[in-house]
> 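The structure follows.
Protein chains get the first letters and strands the later ones, always in sequence-line order, with residue 1 at the start of each.
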Protein chains: 2
Amino acid sequence: MVVCPKCDKSDFIQLAGFVRGRQRFYCKSCAYHFITEHSDRKSRKKNQVTIIDIAERLGVSASTVSRALSGKSDISEVTRQEILKTAREMDYQPNLLAQGLILSETHTIGVIIPNIERPFFASVVSGIQQVASEAGYRVMICQSNESHQTEVANVQALVASRVDGLLICHSIRTETFDHIKLQHRKGIPIIHFDRVCNEIDTPKVLLDNEGGAFLAVEHLLNQGCKNIACLAGPENLIISQERESGYLKALQKYDISVRSELMIRGDFSTAHASEGIERLLSLPQKPDGIFCMHYKNAIEIMVKLKERGIKVPEDICIVGFGDESLTAMIEPSLTTIHQNPYLVGQKAASLFLEKMTGSEESQISKTVIVAGELIVRDSSSRNKV
Amino acid sequence: MVVCPKCDKSDFIQLAGFVRGRQRFYCKSCAYHFITEHSDRKSRKKNQVTIIDIAERLGVSASTVSRALSGKSDISEVTRQEILKTAREMDYQPNLLAQGLILSETHTIGVIIPNIERPFFASVVSGIQQVASEAGYRVMICQSNESHQTEVANVQALVASRVDGLLICHSIRTETFDHIKLQHRKGIPIIHFDRVCNEIDTPKVLLDNEGGAFLAVEHLLNQGCKNIACLAGPENLIISQERESGYLKALQKYDISVRSELMIRGDFSTAHASEGIERLLSLPQKPDGIFCMHYKNAIEIMVKLKERGIKVPEDICIVGFGDESLTAMIEPSLTTIHQNPYLVGQKAASLFLEKMTGSEESQISKTVIVAGELIVRDSSSRNKV
DNA sequence: ATCCTTTGCGGTATCGTTACCGATAGGTAT
DNA sequence: ATACCTATCGGTAACGATACCGCAAAGGAT
């Protein structure tokens, strides 16, 4: 783009004939005639070493250098060592842009998550990076901030960067999946994790919400609880449904009849938790165990119970869901279901690698389910030895 | 690399003459002669649309398409609109590799942090991404995992990807900075944040540890505390030194004499916290306020105090450092210094952008100090209204 | 001694995009 | 009418790396 050297604007530039074969310009804004300087690409970014620099220094061709660096090909060991030595000396860093362009392979995978600040996703990302980097892949991370539009933009940006694959956890507001389908049709490997899209046949990593909830409630039963309440989330939220299902299955297994007044549905908010515990404590037959679908609610409830002089776990046992850093530090420490987010990331990355290296016939889209783990702590430990 | 079509090995391949101008090969492993098929690059990744595809469809040249897409240049509005329309229809995504190669500018910044799972760094990254994406930059994140070697590898990978700049928080084990100096000499913009390197003249974002500690201790004094203890970190750790300095300055300002027995140094561990509180409570003149350099220690101490029946904040006020999610949820909620990590990220990204757009003479390496914020909660609120 | 391999390396096209230079048709001033 | 502009577009050479092809010299077999 031509910019006026006087006013730095580019919108008012007009061509104004030729001078000695060079284009002459006119800036309408500041009424100034000028001829562009060559933008001097040579001197601008001549800081990085190329294989040509190495070749010239050693008096060989660029092909030879390329062969030497790529490891194995028609090249003598002597020449190879010499080239490697020179490359090290000159601090040669291969230009991955050029490499990616010619090989149409960037060794980079794109990851889209709602928000990196949520510990769950931070761990997922960490798991992905560990597996990816061991396989020689770089990772590019984008946050959708739970916005559909941003997610679409993220997909486009990653595709434009020619990532080799896409690992994605959809935003909560993503309802149409055209942006994913488009790339899937183009043949870009896509792996879903956590919040998946069932309209597309992709490998997926799912959390075993039902199983985790089952473990939690079964544990409460084993602690001797008979009346187990459930502090749930919104009825239309899938994870809430799954965890509720686990809750019910556990009760069923131990032949405990379901008391509908013990099921408190809400929105995971603090207000909901306060109100819920209020309601539970006003029941004629109070609960002796509470399964909270969110660790935050669990902690809030414990505070409320303490204020009323109700003892945890002696009077009421509490189990949460999701193991954040502080659940172990509070008093009493919270028994909870650890969701293994790091493992989720590892699995997702592994699925991608399988898809890349896998033979043609093994291209069935696998679904991996990551089980939750029960971490027993004080908030539910009645049988202390 | 040539691979045997029978046994898929590449290490045993020998050349074996020419047939119709094509190289003939011999596999020593499976005793098989063959001629390579052309690796058919055409059909391999012909999934992405290029400007040439658009050009052919419209019967114009690639130059024209490029001009149309780049926004403003010698092109008629009619043609431009037509090209833009076709580009949208074909879901054209510019190849950023090719763009980066020719422009020697990738619009990508590399970020190196010790660990994304630490909430502090997750927030920093989030802040960086927000500012960067608004300026049209992508972000590539690497974790050093507190390893010098990994950090060096990260730097090289990012440089190989030709990022436009590097934002880095050094690992705790980084002692030599040659890997950074090298890139700095090459002219790659480098911004330091949090754990900086003073051997290189780079823009930096620092945390005001001293100021934060001062605020915390001053707050304790205002709450009427007279004997303020300090649960510190290792003596050789810089952040520990700075926070100690803030502690001392606050005492000095209010003419409180320093009692050395109230300064407990340790390693931030749980054991250290337990031992520290033990020691403090056995003093003839017990503290009535404790400043903890780590929020984790603060919470641990509060648990200990509760066990002994000592009331917070009535008997002892507690202030922590670092505002994690759960500090607000516990009982009593913890007064703490919020370090504004998101802001740190924003500032770091802004410094990078300044360096990129800034004029030649304004290339002085600025240092920005991000102040901590006192978040007053129950653990120190004696003057309740 | 002749012919065929093998080894080791150089040359060129190519990836997708942009910068630069030219070229052409039509417009405008003299 | 002539000379000179202007607007708009095409062609080509890069960017850095690799794949493919070819070729000369040395080695080996008959």
Side-chain angles (χ1 to χ4, degrees), chain A residues 1-2 14-18 20-26 36 38-42 44-46 48-55 58-70 73-80 83 92-105 160 162, chain B residues 1-2 13-18 20-26 36-42 44-46 48-55 58-70 73-80 83 92-105 160 162:
Chain A
M1 200 50 224
V2 182
Q14 293 191 325
L15 299 189
F18 281 88
R20 275 172 302 154
R22 304 292 307 278
Q23 182 69 56
R24 183 158 163 268
F25 296 92
Y26 177 70
T36 49
H38 280 221
S39 58
D40 216 352
R41 209 188 292 160
K42 300 293 170 199
R44 186 155 63 124
K45 287 263 179 175
K46 211 52 190 176
Q48 292 292 351
V49 178
T50 74
I51 56 168
I52 298 180
D53 297 328
I54 300 177
L58 288 174
V60 296
S61 76
S63 314
T64 306
V65 177
S66 172
R67 272 192 300 258
L69 294 171
S70 69
S73 257
D74 304 347
I75 192 154
S76 76
E77 195 54 28
V78 182
T79 316
R80 212 173 73 82
I83 289 173
Y92 167 76
Q93 299 295 339
N95 189 325
L96 297 181
L97 300 173
Q99 241 176 22
L101 188 56
I102 191 83
L103 298 176
S104 47
E105 194 180 19
R162 297 299 188 266
Chain B
M1 203 51 222
V2 182
I13 302 300
Q14 292 193 325
L15 299 189
F18 280 89
R20 274 173 302 154
R22 305 289 307 278
Q23 181 70 54
R24 187 161 160 262
F25 296 93
Y26 177 71
T36 48
E37 301 301 315
H38 280 220
S39 59
D40 216 354
R41 209 188 293 161
K42 300 293 171 198
R44 187 155 62 124
K45 287 264 179 176
K46 210 53 191 177
Q48 292 291 352
V49 178
T50 73
I51 56 169
I52 298 180
D53 298 327
I54 300 176
L58 289 174
V60 297
S61 77
S63 314
T64 307
V65 176
S66 172
R67 273 193 299 257
L69 294 171
S70 68
S73 255
D74 303 347
I75 193 154
S76 75
E77 193 54 28
V78 182
T79 316
R80 211 173 74 83
I83 290 173
Y92 168 76
Q93 300 293 339
N95 189 323
L96 298 182
L97 300 173
Q99 239 174 27
L101 187 56
I102 192 85
L103 299 175
S104 49
E105 191 181 21
R162 298 298 189 266

> Using whole Å, report how far CD1 of Ile52(A) lies from C1' of dC15(D).
9 Å

> Does a nitrogen or oxygen in the side chain of Thr50(B) sit under 4.0 Å from OP1 or OP2 of dC15(C)?
no

> Quickly, which of Leu58(A), Thr50(A), Ile83(A) forms a side chain to side chain contact (heavy atoms under 4.5 Å, CB included) with Val65(A)? Name it, please.
Ile83(A)

> Quick one: Asn95(A) CG to dA14(D) P, roughly how many Å, whole number?
18 Å

> Side-chain contact, heavy-atom cut-off 4.5 Å: Arg67(A) with Arg80(A)?
no

> Quick one: which of dC9(C), dG16(C), dA17(D) gets closest to the side chain of Ile102(B)?
dG16(C)

> Quick one: label Thr79(B) by what it contacts on the DNA or RNA (base, sugar-phosphate, nothing), any heavy atom closer than 4.0 Å.
sugar-phosphate

> Out of curiosity, Leu97(B) CG to Ile102(A) CD1, how far, rounded to the nearest 0.5 Å?
12.0 Å

> Between residues 60-68 of chain B and DNA chain D, which residues have a heavy-atom gap below 4.0 Å?
Val60(B), Ser61(B), Ser63(B), Thr64(B), Arg67(B)

> How long is the line joining CG of Leu96(A) and C1' of dC15(D), in whole Å?
15 Å

> What is the separation between atom CG on Leu97(B) and atom C1' on dA14(D), rounded to the nearest whole Å?
17 Å

> Within this structure, what is the CG-to-C1' distance between Leu103(A) and dT14(C), rounded to whole angstrom?
12 Å

> Take atom CD of Gln93(A) and atom C1' of dA17(D), then tell me their distance rounded to the nearest Å.
15 Å

> Quick one: does any side-chain atom of Ser66(A) pair with a main-chain N or O of Ala62(A) as donor and acceptor, under 3.5 Å?
no

> Can you measure Arg162(A) atom CZ to dG16(D) atom P for me and round it to whole angstrom units?
20 Å

> Rounded to whole Å, please give me the gap between CD1 in Ile75(A) and C1' in dC9(C).
8 Å

> Quick check for you: to the nearest 0.5 Å, what is the distance between Arg162(A) atom CZ and Asn95(B) atom CG?
4.0 Å

> Measure the CD1-OG1 distance between Ile54(A) and Thr64(A) for me, rounded to the nearest 0.5 Å.
12.0 Å

> Within the 4.0 Å heavy-atom criterion, would you say Ile51(B) contacts the bases, only the backbone, or no part of the nucleic acid?
base

> Starting at CD1 of Ile75(A), measure out to CG of Leu69(A) and round the result to the nearest 0.5 Å.
8.5 Å

> Is the phosphate of dT18(C), meaning OP1 or OP2, less than 4.0 Å from a side-chain N or O of Gln99(B)?
yes

> Would you mind telling me which of dG8(C), dC9(D), dT17(C) lies closest to the side-chain atoms of Asp74(A)?
dG8(C)

